[in-house]
Amino acid sequence: MKRSLEIFMGGCPVCRPFVQLVKDTACENCDITIYNVVAQCEEQTCIRKVNQYGINRLPSVVVNGKLLNCCDCPITKQDLLNAGIGQA
């Protein structure tokens with residue numbers, strides 16, 4: 001079963017390692033979509049998804065339609081694994 005991962009980032013030095021962490025943790029069953037909120041802010045899909053998920057901080061990751069609790073503290077690899085990322 002495919003797992004949908006949506007990464008929301010701003011293209012900054014803080015976001016890049018986060019995006020790489022998610023990519024490195026993901027497995028072949030993970031379908032990754034990256035939204036650069038700064039560069040794609042005019043795209044309706046990006047704006048709609050940011051509002052739909054209630055994203056108010058970057059970087060953020062959504063797994064199968066659920067925003068991970070990544071805004072209170074830096075997300076770790078263990079947080080990603082607990083969310084099912086990287087599991088076949």
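Side chains are part of it too, since the values below use all heavy atoms of this structure and drop only hydrogens, waters and symmetry mates.
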Side chains of L67 and S60 in contact at under 4.5 Å (non-hydrogen atoms): yes
Counting distance only, does the side-chain N/O of K2 pair as donor-acceptor with the main-chain N or O of E28 below 3.5 Å? yes
Donor-acceptor check, side chain of N64 to backbone of S4, threshold 3.5 angstrom: yes or no? yes
Residue pair V62 / F8, side-chain heavy-atom distance below 4.5 Å: yes
Please find the pair of heavy atoms, one from G65 and one from Y53, that lie closest to each other, and give the distance. O-CE2, 3.5 Å
Nearest 0.5 Å, please: how far is CD1 in I32 from CG in L5? 5.5 Å
If I take atom CD from residue Q44 and atom NZ from residue K49, how far apart are they, to the nearest 0.5 angstrom? 13.0 Å
Please set out all donor-acceptor pairs under 3.5 angstrom arising from side-chain atoms of residues 10-27, sequence neighbours excluded.
from, atom 1, to, atom 2, distance (Å)
R16, NH2, G11, O, 2.9
Q20, NE2, D24, OD1, 2.8
T25, OG1, L21, O, 2.7

Side-chain contact, heavy-atom cut-off 4.5 Å: M9 with V37? no
Quick one: side chain to side chain donor-acceptor pair (under 3.5 Å) partners of N82, sequence neighbours excluded? Q78
Given the options I47, T45, V50, Y35 meets side chain to side chain contact (heavy atoms under 4.5 Å, CB included) only with T45
Can you name the nearest heavy-atom pair linking I85 to L81, along with the distance? O-CD2, 3.4 Å
